[in-house]
Every structure is written in C-alpha cells, then in structure tokens.
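Worksheet for the structure shown next.
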2 protein chains.
Amino acid sequence: MDELPPDVALMWRLRETPRRGPKPTLSLDDIVRAAIEIADEENDLAAVSMARVAERLGNSTMALYRHVKSKDELLILMSDAALERPEPLPADVDWRTGLTFWADGVMTAVRKHSWYAKLPISGPPAGPNNLAWFDAALGALAGTGLPEEAKVGIAMGLITYVQGEMRMAMDLAAGFADNPDVFRQYGATLARVIDPKQMPALARVLDAGVFDEVGDFEQESDQDFDFGLQLYLDGVAAFIERVG
Amino acid sequence: MDELPPDVALMWRLRETPRRGPKPTLSLDDIVRAAIEIADEENDLAAVSMARVAERLGNSTMALYRHVKSKDELLILMSDAALERPEPLPADVDWRTGLTFWADGVMTAVRKHSWYAKLPISGPPAGPNNLAWFDAALGALAGTGLPEEAKVGIAMGLITYVQGEMRMAMDLAAGFADNPDVFRQYGATLARVIDPKQMPALARVLDAGVFDEVGDFEQESDQDFDFGLQLYLDGVAAFIERVG
DNA sequence: ACACCACTGCGTACCTGCTACGCTATTTAG
DNA sequence: CTAAATAGCGTAGCAGGTACGCAGTGGTGT
C-alpha cells in the first residue's frame, strides 16, 4: 500500500501525524523555509548548514533530524519548495507562445534563487511544484496533437536546456562578481594562449573580435538564453510539421 | 605583461620552473592524474580529497599545496585534463554531420568520467582541451558562412545542452543504481500523488502509459539525448536558412 | 669554499560540517 | 496512573580543507 518513496511522501506532506509525544516546536515547513532564506541571503548553497538552519530557528542542530533524515533530504525538499507554482497559461495561445511564456517563467522563478542550479539532481521530478511546472510545459503542447511520448521528450529537452543555461549563467555571474577582470580580458587571454594553427576556427572568432567588449553581463546572458531557446523551438516546429 | 589569470597559466603549464631549491618529487601532472583516477574508481567526485590524493602519491597532504593553491584549483585542472582532445573532423562533411559527430565525441569522452558533470563551472572554457573542443564545434560550422558571433552562439548553446543532458543522465543513472525501484515505480508513484484536475496534461501522459515499462536505462537516455539533439540541430538548420 | 636564499615536503593544529547515540522531558492511549 | 511514543538536545566522533612554521635541499653569487 504505502510504497511511496520517503522523499516523495515528505514533499507531499503525506506522513501521518503522530498521536503521542510532545507537541513539535518545529515544523518541516519552517526548516525548509529557513534553509531557503539562508541560501538566498548568502547567495550560496554552501552557506546552508544544519547548524545554521537550526540556529536561525532557535533550536539545536540535532533537533532538525527529527524532521529530516539527512541534509540531502533537506536539499530535495528545498528543490521543490523554492519554485513557486507557474502562472497559468494565457488562454488560447499557440504552443510556441506557450513554451516561451513557460521558459520565461522558469527563468524568473529560478533567478530568485541563484543557488538553485547547484542542487544535486536526485531523480525525475516528483514534488508538487516541480510536477506543476512539468505539467505546464506539457499543457502548452496540448494543442499540437503530438503523441504523449513526444510531448514528454520535448518538455524534458526543454527543461534540460533551460536548467543547463541557468547553471551556466549563474556560475558565470558568480565568477564575474568575484573577479570581473578575468572576463573582461577573456579575449586577450585566449589570444595569448592559442596557437592559430591548432585551433583555426577559434582564432577566426578571436580575430573577428567577438570576445572583446564584454558589455552588460546579465543582458548578454539573457540574449544567449533567448537565442538558444529560439533554436530549440525552431526545431520543435520542424518536428511538429514533420509528424503532424 | 604576465596578466594571465593564475588558473589559466597553470592549465597551460606556463609558470616558469624555479631554479633553486630541492627537486620536486611531485609534479602537477601526477596530482591531477591521481585525482582523476580516484574519481574514476569511486565514480564519485566527492571521493577526491586532498588527503586521498596525497596518499595515493605517497606524499603528505600538505605537500599538494606547493603545486596547487586550493582544492578548487585542482578541480579546475581536472576539468581540463579529464577530456582528451577531440578526434579531428572527417574531411568535407556538412555542418550537421560535423556537429553530430562532435556531440557523439563529447558524449563518449564524458562518459568515461561520470563525475564530470558535477564539477563546478568556474568560467568560460580556458584550458587547452576544453578550448580544443570549442574549436572543433566552431570548425564544424566553418562552411556555413554564418557570422562568427552566430557560430559562437550555436556552439555555446550546444555545449550547454550536451552538458545539461549529461548531468541529468549521469545523476539519474546514479540514482537508478542506488535504488532502481524508485524509477520502476515512477509512473505508479505519480498516479498516487497527482490530482488530474490540477495537472491535466500530466495525467494524460500517465494515462497513455508513457512512464510504465521502463526498459534499459542507458539506451533510453541515449534516445532522449538524440531526440533533443536533433531538435536543436533542426533549429540550427532553420536559422541557417533564414540568415544564409 | 662558503653563505645565502628560494624552494620542497611535511607535522601540527584549527575550524567547519554531518550525524550516531542516548538521555530527558512531554504527551497521550489504555 | 503507567507505559509507550515522540521531541529536543548535549556529547562526541569522524572527515575534510587549509594556515603556519620548521627542516632540509640545492642552485647562486661572492
């Protein structure tokens, strides 16, 4: 009967509340919220330690372990709780508008928690919020008449791309904040180090000056994101035309 | 003059060798190789500790710090050294064959080091091996006549997608090895937990049985990878047609 | 030949972080 | 009222990163 994996049961808050024993002074929600707050404030997932979370809640470190089996489990809970539900799709939009809307939504949601991309992936989406996002992507494809399996493939690929892009963007942004010069000198550094005979294509890019003049970092990373997204969506369009 | 970032200088082995002092019994190559061996053997990046690396080399922990500034720096060196150079492109192939060849090459190279996707991203590619891969992707696009900036965008997007897919695949594979049942019951778990009224698109996918019958894991993850890759490449084709 | 000094390897020690274990206090079922 | 179940927590063990300073080593310049 109750064969749900423990993490999943916990994310859905499905464990039965005990009848005996002292009233808890601590709730799972409090713990997860405190952990997320710490990560947000420090902009650093590594700042989340069991001790720090407990301290913020005015409890001892070990008290947390009555509610959470391990720190890994806490991270899994964070990965679901940090994303609020997606806004519902505007009515009657075509799939492309829908997926663009969806991708922007993910972008905005994750941007609020720059540590999100550093979370270990523990399995396929299983928590309520993550599944809601998954459902939203599938919903955008509802009108296409594609077979369900293809919709899943498209949605998964999109999730992968978006998460990959976020990870890249966030890590680069962190590096940029630490040490802007490394980025500003990127073109110059490559020029110093590369042998044009061995890497001719890269040398041509350097000659064209693509890596000089790094402007606004965030803006440029947005442009890259959109560019890749449009490529992927063009691919989806081609696929729909081929199959439909 | 010598304004190269220290990590980059190290990856290219560009620091001048000291004239005085005892002969080193330890080389940077040894350290990086040992670290990679440990990660490979344990299939786990976390198994790489400074103490463990030193032990394998018959030295003390602190001796490593004469060659490497910190563990982070060691990780950066690993991220370049773990990927051997790409095989040269077959001559006279169109861009699509070239990029597919390239993506397969990345796949094979990274598969040898399943921990690779867990490495923190420290910045844009800067080591000799990483840049060689970057160059190879750009080289595959050489015949398209696209502006250099577009080539960079396409190559970056592709790298992002491939790395994201690897990360997903490797983490899921690890989870699957730990606990196969969670994956086999994925469909059943979702069915238990989802309200079809709130997530109709997902419910339809479940009804269609897409998540039942999980077959060979590795094979399926290969299929997903190819599917997404083809979508992206279709998008590139559309872009080339539009611009060229 | 000798003194100097940059450099390597390393022992020690400190700090942070996760968590197993067991005690005590609290609440409710019977 | 007693027993069982449960919450919080103090202690302690273990692992891992790394700052610091000492000892030995071997070119360099006098």
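Here is the naming used below: chain letters follow the sequence lines, and residue numbers restart at 1 for every chain.
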* Student check: side-chain heavy atoms of A/Leu83 and A/Val106 closer than 4.5 Å ->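 A/Leu83 does not reach A/Val106 side chain to side chain.
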With a 4.5 Å limit on heavy-atom distance, are the side chains of A/Leu74 and A/Lys69 in contact?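 In short, these two side chains do not touch, never coming nearer than 4.5 Å.
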Enter the distance from [X]:[atom1] to [Y]:[atom2] here, rounded to the nearest 0.5 Å.
{"X": "B/Thr189", "Y": "B/Leu206", "atom1": "OG1", "atom2": "CG", "result": "10.0 Å"}
{"X": "A/Leu138", "Y": "A/Leu131", "atom1": "CG", "atom2": "CG", "result": "10.0 Å"}
{"X": "A/Ile76", "Y": "A/Glu73", "atom1": "CD1", "atom2": "CD", "result": "6.5 Å"}
{"X": "B/Leu64", "Y": "B/Ile31", "atom1": "CG", "atom2": "CD1", "result": "5.0 Å"}

Any salt bridge linking [X] with [Y]? Criterion: basic side-chain nitrogen under 4.0 Å from a carboxylate oxygen.
{"X": "A/Lys118", "Y": "A/Asp171", "value": "yes"}
{"X": "B/Glu41", "Y": "B/Arg56", "value": "yes"}
{"X": "A/Asp212", "Y": "A/Arg184", "value": "no"}

Contact string for nucleotides 21-30 of chain C, one letter per nucleotide 5' to 3', B = base within protein heavy-atom range under 4.0 Å, S = sugar-phosphate only, - = neither, reads BB---BBB--
- Return the residues of residues 70-80 of chain A meeting this criterion: a heavy atom under 4.0 Å from some atom of DNA chain D. Order them by number, or give none.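 When residues 70-80 of chain A is checked for heavy atoms under 4.0 Å from DNA chain D, there are no hits whatsoever.
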Rounded to whole angstroms, how far apart are [atom1] on [X] and [atom2] on [N]?
{"X": "A/Met50", "N": "C/dT19", "atom1": "CE", "atom2": "P", "answer": "6 Å"}
{"X": "A/Ile38", "N": "C/dG17", "atom1": "CD1", "atom2": "P", "answer": "11 Å"}
{"X": "B/Arg15", "N": "C/dA6", "atom1": "CZ", "atom2": "C1'", "answer": "14 Å"}
{"X": "A/Glu55", "N": "C/dG17", "atom1": "CD", "atom2": "P", "answer": "10 Å"}

Chi angles and distances behind the salt bridge (charged side-chain N to carboxylate O under 4.0 Å, His left out) call for B/Arg52, B/Glu37: CA-CA 11 Å; B/Arg52 186 105 182 259; B/Glu37 285 170 6; over 6 Å; no
Ring centers of A/Tyr186, A/Phe211 separated by less than 6.0 Å:
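Between A/Phe211 and A/Tyr186, which both carry aromatic rings, the centre distance is below 6.0 Å.
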Using a heavy-atom cut-off of 4.0 Å to chain A, what are the terminal contacting nucleotides of DNA chain D, in 5' to 3' order?
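Listed 5' to 3', the contact boundaries are D/dA4 to D/dT11.
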### Nearest-nucleotide 5' precedence on DNA chain C, B/Pro18 against B/Ser60
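The answer here is B/Pro18.
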- Task: For B/Thr61, report the nucleic acid contact type (base, sugar-phosphate, nothing); a contact means any heavy atom under 4.0 Å.
- Result: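 If one applies the 4.0 Å heavy-atom cut-off, B/Thr61 turns out to touch a base.
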Review point. 5'-most contact on DNA chain D: A/Gly58 or B/Ala51, nearest heavy atom basis?
Key: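 Its nearest nucleotide lies further toward 5', so the answer is A/Gly58.
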Practice item. Determine: side-chain N/O of B/Thr25 to OP1/OP2 of C/dT8, distance under 4.0 Å, yes or no. Key: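 For C/dT8, OP1/OP2 do not have a side-chain N/O of B/Thr25 under 4.0 Å.
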